[in-house]
Protein chains: 2
Amino acid sequence: MSEKKRGRPRAFDAKVTLEKVREVFWDRGFAGTSLDTLSAATQLNRPSLYGAFGDKENLYLDALEGYRAESMGVLADALDPSLTLRENLARVYGRALDIYLHGETAARGCFLIGTATAEAIQHERVRDVLNRSLNDFDGEIEKRMTLARERGELPGDTDPHMLAKLASAIMHSLAVRTRAGDSRETLEALAQSGVEMICGKA
Amino acid sequence: MSEKKRGRPRAFDAKVTLEKVREVFWDRGFAGTSLDTLSAATQLNRPSLYGAFGDKENLYLDALEGYRAESMGVLADALDPSLTLRENLARVYGRALDIYLHGETAARGCFLIGTATAEAIQHERVRDVLNRSLNDFDGEIEKRMTLARERGELPGDTDPHMLAKLASAIMHSLAVRTRAGDSRETLEALAQSGVEMICGKA
DNA sequence: ATTATTTTATGCGAAACGGTACAAAATGAG
DNA sequence: CTCATTTTGTACCGTTTCGCATAAAATAAT
């Protein structure tokens with residue numbers, strides 16, 4: 001797996017670097033971030049960044065992909081089927097808010113919805129990542145909705161596909177509203193209303 | 001009202017210009033748009049743009065404000081209280097999609113959610129416009145929800161404030177998904193599910 | 001040791017960027 | 001007609017931008 005490579009070894013960890021890059025893009029967006037800013041944040045000079053990740057767009061796409069993969073992991077964990085659907089949804093929204101509210105300056109929301117949305121028109125590859133991410137997210141929730149219907153947690157005439165999209169819509173709204181500066185309190189109230197909308201009042 | 005001004009008269013209509021500016025920002029975002037691009041789109045040279053609207057951020061904020069004002073007008077019209085709540089919501093979503101899907105290249109979604117969200121962290125004034133816009137939108141819908149409860153269109157224990165936020169969440173999701181490239185068909189299905197979620201199945 | 005290979009660091013360069021100085025043009029005031 | 005005022009168009013300024021060319025440094029292979 002890890003054969004020793006021939007030339008001079010890298011002085012940095014690509015994965016750690018990509019995480020730092022993500023932080024910067026997350027706050028400033030793709031177009032609003034310069035390679036110099038990324039260079040400063042990662043402690044790497046531009047040629048090293050270019051050598052490891054390619055041009056700016058590639059670097060951004062790699063950062064998006066890392067976020068997407070991590071998010072799907074968090075989602076899968078939150079949807080633990082040994083819990084009730086109500087608990088699952090509350091966990092999904094709760095963990096999302098933990099991530100969305102982690103910003104230093106202003107709360108930064110969702111990396112994808114907050115920054116990729118802006119680039120999606122001009123950059124087809126960004127649009128594709130965004131679309132795939134949203135669909136994958138919907139799909140995971142839909143599977144849980146289907147299971148919930150089988151278990152009787154949801155009525156028999158439930159449409160898991162559309163109900164999952166409604167559940168995702170709450171997430172999208174949390175993402176936008178976080179970035180608009182809403183308080184945690186306000187956001188948690190919305191999340192709870194979302195859970196009640198789907199699972200009924202407790 | 002319109003006193004004749006003293007110097008050389010303007011050769012352009014500021015309102016029309018602002019609409020053209022909006023189109024460009026809508027597709028490319030704030031950071032992704034150059035003054036040269038705006039100059040070309042408006043047929044004005046940069047000094048004229050600067051003289052009429054100030055710097056790039058001011059120009060963007062003016063474009064956002066125009067969009068916000070128009071959107072609130074469309075919303076007020078769609079919420080005609082002589083119609084049922086169900087009809088109102090269907091109209092709100094329908095007109096939103098008409099606007100969101102008007103793009104030439106890819107469908108461009110909501111100007112605010114699609115572009116201002118990206119700048120909201122770094123530019124406080126943009127964040128404020130975004131926040132105020134979302135709140136005003138919620139507020140208009142909440143008024144209609146309150147009326148619906150009084151009329152018996154909604155159960156007596158309805159919380160108009162939170163229900164309005166759920167209705168807005170569907171809008172936010174439509175905005176994001178349009179920009180991600182979803183088809184009109186898909187989006188209309190989500191809109192309809194949203195209406196049913198709030199008003200019950202037809 | 002020598003060579004091949006890869007990464008690092010400095011720094012270049014052409015283009016794009018936002019903003020403005022300045023003079024010409026077009027209007028109203030006196 | 002002359003002057004003050006405002007807009008227009010050209011041209012420019014200093015900075016930033018992205019990408020790369022180049023050489024030094026660090027490793028493995030021979």
Side-chain angles (χ1 to χ4, degrees), chain A residues 1-18 20-22 24-25 27-64 115 118-119 122-126, chain B residues 1-18 20-25 27-64 115-116 118-119 122-126:
Chain A
M1 200 66 173
S2 65
E3 306 280 347
K4 285 217 171 179
K5 275 184 296 184
R6 279 243 274 162
R8 176 171 174 171
R10 278 212 181 126
F12 62 95
D13 180 328
K15 197 178 165 188
V16 172
T17 297
L18 218 41
K20 293 179 185 167
V21 165
R22 184 205 295 175
V24 180
F25 276 136
D27 276 351
R28 309 169 84 100
F30 170 72
T33 300
S34 74
L35 290 182
D36 282 331
T37 305
L38 293 171
S39 177
T42 58
Q43 308 270 47
L44 293 177
N45 30 40
R46 287 197 303 286
S48 291
L49 279 175
Y50 191 85
F53 305 104
D55 68 8
K56 189 183 170 188
E57 181 169 334
N58 253 306
L59 186 50
Y60 178 64
L61 287 167
D62 283 354
L64 282 184
T115 72
E119 307 297 330
Q122 299 287 315
H123 299 92
E124 192 176 352
R125 295 172 66 195
V126 174
Chain B
M1 199 68 173
S2 63
E3 306 281 346
K4 284 218 172 180
K5 276 183 296 183
R6 279 244 274 161
R8 176 172 176 171
R10 277 208 182 132
F12 63 94
D13 180 327
K15 198 178 164 189
V16 171
T17 297
L18 218 41
K20 292 178 184 170
V21 166
R22 186 205 295 177
E23 295 293 317
V24 179
F25 276 136
D27 275 351
R28 310 168 84 100
F30 169 72
T33 300
S34 73
L35 291 183
D36 281 332
T37 306
L38 294 171
S39 178
T42 57
Q43 308 270 46
L44 294 178
N45 31 39
R46 288 199 303 284
S48 292
L49 279 175
Y50 190 86
F53 305 103
D55 68 8
K56 188 184 169 186
E57 181 168 335
N58 253 306
L59 186 50
Y60 178 64
L61 287 166
D62 284 354
L64 281 185
T115 73
E119 308 297 329
Q122 299 287 315
H123 298 92
E124 192 175 352
R125 295 172 66 197
V126 174

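Chain identifiers are assigned alphabetically (A, B, ...) following the order of the sequence lines, protein sequences preceding nucleic acid strands; residue numbering begins at 1 within each chain.
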Next on the checklist: Quick check: closest heavy atoms across A:Thr115 and A:Phe25, and the distance to 0.1 Å?
Outcome noted: CG2-O, 3.5 Å
Checklist entry - Base, sugar-phosphate, or nothing for A:Ser39, non-hydrogen atoms under 4.0 angstrom? => result nothing
Item to check | Any side-chain donor near an acceptor of the partner, A:Asn45 and A:Ser48, under 3.5 Å | outcome: yes
Item to check | Selection: residues 8-17 of chain B, any non-hydrogen atom under 4.0 Å of DNA chain D | outcome: B:Arg8, B:Pro9, B:Arg10, B:Ala11, B:Phe12
Next on the checklist: Across nucleotides 10-15 of chain C, 5' to 3', mark each nucleotide with B, S or - according to how protein heavy atoms within less than 4.0 Å reach it.
Outcome noted: BBB---
Checklist entry - 5'-most contact on DNA chain D: B:Gln43 or A:Leu35, nearest heavy atom basis? => result B:Gln43
Checklist entry - From B:Leu38 CG over to B:Arg28 CZ, what is the distance, rounded to the nearest 0.5 angstrom? => result 9.0 Å
Checklist outcome for this item: Closest non-hydrogen atoms of A:Val24 and A:Ala41, given as atom of the first, atom of the second and distance, are CG2-CB, 3.6 Å
Next on the checklist: Heavy atoms from C-beta onward define the side chain here; which of C:dC17, D:dT5, C:dG19 lies closest to that of B:Arg6?
Outcome noted: D:dT5
Checklist entry - Which atom names give the shortest non-hydrogen contact between A:Ala31 and A:Lys56, and what distance separates them? => result O-NZ, 3.9 Å
Checklist entry - Would you say a side-chain N or O of B:Ser34 is under 4.0 Å from OP1 or OP2 of C:dA16? => result no
Checklist entry - If you pin B:Gly7 and B:Thr33 to their nearest nucleotides in DNA chain C, which one's is more 5'? => result B:Thr33
Item to check | Considering all heavy atoms, the nearest A:Phe53-A:Thr17 contact | outcome: CE1-CG2, 3.9 Å
Item to check | Ring geometry between B:Tyr60 and B:Phe30 (parallel below 30°, tilted from 30 to 60°, perpendicular above 60°) | outcome: tilted
Checklist outcome for this item: Of B:Thr37, B:Thr42, B:Leu44, the one forming a side chain to side chain contact (heavy atoms under 4.5 Å, CB included) with B:Val21 is B:Thr42
Checklist entry - Once you round to the nearest 0.5 Å, how far does NE2 of A:His123 lie from CD of A:Glu57? => result 4.5 Å
Item to check | Atom CD of B:Glu124: over 12 foreign heavy atoms under 6.0 Å | outcome: no
Item to check | salt bridge (Lys or Arg N to Asp or Glu O under 4.0 Å) evaluation trace for B:Asp62 with B:Arg22 | outcome: CA-CA 9 Å; B:Asp62 284 354; B:Arg22 186 205 295 177; over 6 Å; no
Checklist entry - To the nearest angstrom, how far is B:Asp36 atom CG from C:dT20 atom C1'? => result 14 Å
Item to check | Positions of residues 48-57 of chain B (non-hydrogen atom under 4.0 Å from DNA chain C), listed by number | outcome: B:Tyr50, B:Asp55, B:Lys56
